[in-house]
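Structure first, then comments.
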Amino acid sequence: MKFTDGYWHMRQGLQVLYPVEVRDIETGQDEMTVYASTKKIVHKGDTLNTTLLTVRYSSPMENVICVEYIHHDGMDEKGPAFQIYKQPDLKVQVEKRGGAVTLTSGKLTATVRPDEGWNVAYAYDGRRLTGTGYKGPAYIKSSESADVYMREQLDLGVGEYVYGLGERFTPFVKNGQVVDLWNEDGGTSSEQAYKNIPFYVSSEGYGVFVDHPERVSYEVGSENVSKVQFSVPGEMLKYYIIGGSNLKEVLQNYTALTGKPALPPAWSFGLWLTTSFTTSYDEDTVNSFVDGMLERDIPLHVFHFDCFWMKEFQWCDFKWDPDVFPDPQGMLRRLKDKGLHICVWINPYIGQKSYLFKEGKENGYLVKNPDGSVWQWDRWQSGMGLVDFTNPEAVRWYQGKLKELLDMGVDSFKTDFGERIPTNVVYYDGSDPVKMHNYYTFLYNQTVFEVLEETLGKNEAAVFARSATAGGQQFPVHWGGDCSASYASMAESLRGGLSLSLSGFGFWSHDISGFENTATPDLYKRWTAFGMLSTHSRLHGNQSYRVPWLFDEEAVDVLRYFTKLKCTLMPYLFRSAVQTAATGVPVMRAMVLEFPEDPNCHVLDRQYMLGDSLLVAPVMNDQGLARYYVPEGRWTDFVTGESVEGGRWISRQVDYFTVPLLARAGSIIPVGDNDQRPDYDYADGVTLHAFELADGTETTSVVNGTNGKEELKVVVTRNGERIDVQAEGTKPWKLLLRGISQIAQIEGAEYAVTEQGVLLTPQAGVKQISIQL
């Protein structure tokens, strides 16, 4: 939201009050409070009829500093509020030294210099990150209405880039953009977003989280080209500066503050196939899809029933349409006998024709109008009401309906919608309806995720969610929404996913080949490669089916190839997922996250790192031209074994079975012995692919079980021509030294020379291997 008219003037009808002079600083054991007047105090009379702003600095956890600007503090703040996980027994240092007062948490310091008007700087380990100065923060009043706002402006340095703010489909680098955080059902090709997250990270190595669930308006180098401005309506503004030694640590600290993602079940990483949205289908149709995949040797792992599993106009009643599915429990059993997991579509809306509407109305489970009646409209479902998740009884009621489906054999729910939330309503707990607009999705997905976890067990819960707000990363998985069947939409989907990943979300998916319209065979095959090299992979559309044989026979072969490739990569992908659940660092990573020191990587949004070791560059044109940047170092094509020297751009023609998939030097990638399933014993028969092990380095590779626990640990050390291997584990494994064609001597293992390199098979019971090249 813009308040100025160019650099010199304010917009008409606005009064802007800045902190001009620090009048007092109160310091406590773990916080400091600054009182700043909005005009220069020359004599005692100037203290009258003057606005005094209160600025409080504290720390909820190490390397995070909370900043609160307060004008009037007399109002009781209504919820909802983001859940903040505070660190117990935190030690914060507050000091007065020279002309400055500092608050230090870990290596992060806020420095206030009262002798310099308004001047606050934030530094990590002595390195300045950002700051705010004259005319930065402000309390703003409108002379034409009762509207008031609080604003902050943080310094934006020369060459500094800003990322995040949720799943945004606009340019990846947010500099120059106006971003209003307000969840909307707007598709993937506009400035609107399903997942608005008031958190951004900077290429300079810090993050900023604005702790407001309501609309937050950002001007990222747009109103003032050297500032990131954010503003909220009301009498106070609260935000956190988040430090770290690099961007990964910043994300670790942010997700420690707002919640780590849960570890999704291993089966959820496999191929999902859906009925599509408005297509006609029954059990015979479903079986034709499932059997068609099996007959063509395409591993299929999850089948999803979209909206019309329920009877028209009755969404949601959580009842299978008896005219189409007369034996739902038997059908689910028959599908599960084929090795499938089952997902069904839901939303938080209750159509008036649904029997649940009467239950919800009578028991007070639906959101109400100010006059006490049930809020309703006809958009989406006729006469629909909205479940009030602030009512504990409504939560239990809703979860009870889902529990019946879980008991029937359903494994997961696609938690669609949650964005079109009214603001002229009343909630059971008295929550502010404006704040609830964005926050509603948190309660919705939390409600569904928790019943899945309670019923199926920890690390067995997975939703397929469209909407989100801060903290929603705790309830994976999220998908990109209604994209279109075009290369432009494929690119914007990836931009959105990378933006979301830099907003604290660890697992992300998209509709392979696009939701709207029907892809060409060319696009279908290119998007398949991208989709199967994402954390989660789903074939889904609107008015047409997405089975590959409806496109062409080569599409069948391409889907089979990349699905099997992903299954074999599951030991690596699941290891990455376990790390994500522990640290908050996403599995799919923007290049800047992995290579922050390389300025060429700062703007890249058409390629990504899958985990820490594999570079993926989807082909996004109908010429089959792959064009991508390779960071410095020696990289290896994971499939062909061809070596690539980095620090340059590469352009090459590729067929449909090829997508640039490059292994980073010094990495060890565990490859599984099963190309049919995503959930198998990863450690049994795993082959560890070692790439370009440098002299003087030690590299560790871990293989986790599907329960997340470590089952194999191998440490490889290279000194000159000698390689030493130490292993901890009980199951058979192999080590493949990629690119090495011969060895001089080996102890503790048998070996064979293959096209890819020397393959070592440890002798029975041996834990140490020595190799002389």
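Fair warning: this is a prediction, and the values are worked out from it, not measured in the lab.
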Checklist entry - Step by step, would you call Y240 with D211 a side-chain hydrogen bond (donor to acceptor under 3.5 Å, both in side chains)? => result CA-CA 7 Å; Y240 299 84; D211 192 3; 3.3 Å; yes

Assert yes or no for the condition that the ring centre distance of [X] to [Y] is strictly below 6.0 Å.
| X | Y | answer |
| --- | --- | --- |
| Y206 | Y122 | no |
| Y149 | F3 | yes |
| H536 | W508 | no |
| F389 | Y440 | yes |

All side chain to side chain contact (heavy atoms under 4.5 Å, CB included) counterparts of [X], not counting sequence neighbours:
| X | answer |
| --- | --- |
| R575 | Y572, Q579, D612, P670, S701, V702, N704 |
| E454 | E450 |
| K458 | E453 |
| T109 | T102, T104, T111 |

Item to check | Verdict with supporting geometry, K227 and E219, salt bridge (Lys or Arg N to Asp or Glu O under 4.0 Å) | outcome: CA-CA 8 Å; K227 305 290 181 183; E219 300 280 345; over 6 Å; no

Is the shortest distance from a Lys or Arg side-chain nitrogen in [X] or [Y] to a carboxylate oxygen in the other one below 4.0 Å?
| X | Y | answer |
| --- | --- | --- |
| D147 | K141 | no |
| K248 | E594 | yes |
| E21 | K39 | no |
| K435 | E77 | yes |

Checklist entry - So, is the end of the R151 side chain (NZ or CZ) under 6.0 Å from the ring centre of Y139 and within 45° of the ring's axis? => result no

Checklist entry - Looking only at heavy atoms, which two atoms of Q473 and G259 are closest? And how far apart? => result NE2-O, 2.7 Å

Next on the checklist: Give me the atom names and distance for the closest heavy-atom approach of S105 to I65.
Outcome noted: CB-CG1, 4.5 Å

Classify the side-chain pair [X]/[Y] by whether it contains a donor and acceptor separated by less than 3.5 Å.
| X | Y | answer |
| --- | --- | --- |
| D416 | N347 | no |
| T258 | Q83 | no |
| T130 | D155 | no |
| D180 | S217 | yes |
| S503 | E167 | no |
| N224 | S226 | yes |
| E160 | S203 | no |
| Q177 | T170 | yes |
| Y239 | E152 | yes |

Checklist entry - Taking the inter-plane angle between the rings of F209 and F199 on a 0 to 90° scale, is it parallel (under 30°), tilted (30 to 60°) or perpendicular (over 60°)? => result perpendicular

Item to check | Mutual orientation of the aromatic rings belonging to Y398 and Y444 [parallel < 30°, tilted 30-60°, perpendicular > 60°] | outcome: perpendicular

Checklist entry - ring pair (Phe, Tyr, Trp, His ring centres under 6.0 Å) between F449 and F413: does it pass, once the steps are laid out? => result CA-CA 9 Å; F449 191 88; F413 298 106; over 10 Å; no

Checklist entry - Hey, mind stepping through D30 and K91 against salt bridge (Lys or Arg N to Asp or Glu O under 4.0 Å) and telling me if it holds? => result CA-CA 7 Å; D30 56 3; K91 293 183 179 179; over 6 Å; no

Item to check | ring pair (Phe, Tyr, Trp, His ring centres under 6.0 Å) between F464 and W479, worked out | outcome: CA-CA 7 Å; F464 215 79; W479 103 97; 5.7 Å; yes

Checklist outcome for this item: Residues at least two apart in sequence or cross-chain that pass ring-ring contact (aromatic ring centres under 6.0 Å, His included) with Y200, listed by chain then number, are none

Item to check | ring pair (Phe, Tyr, Trp, His ring centres under 6.0 Å) contacts in which one or both residues fall within residues 150-180, not counting sequence neighbours | outcome: Y163-F172

Item to check | More than 12 heavy atoms from other groups under 6.0 Å of CD on Q29 | outcome: no

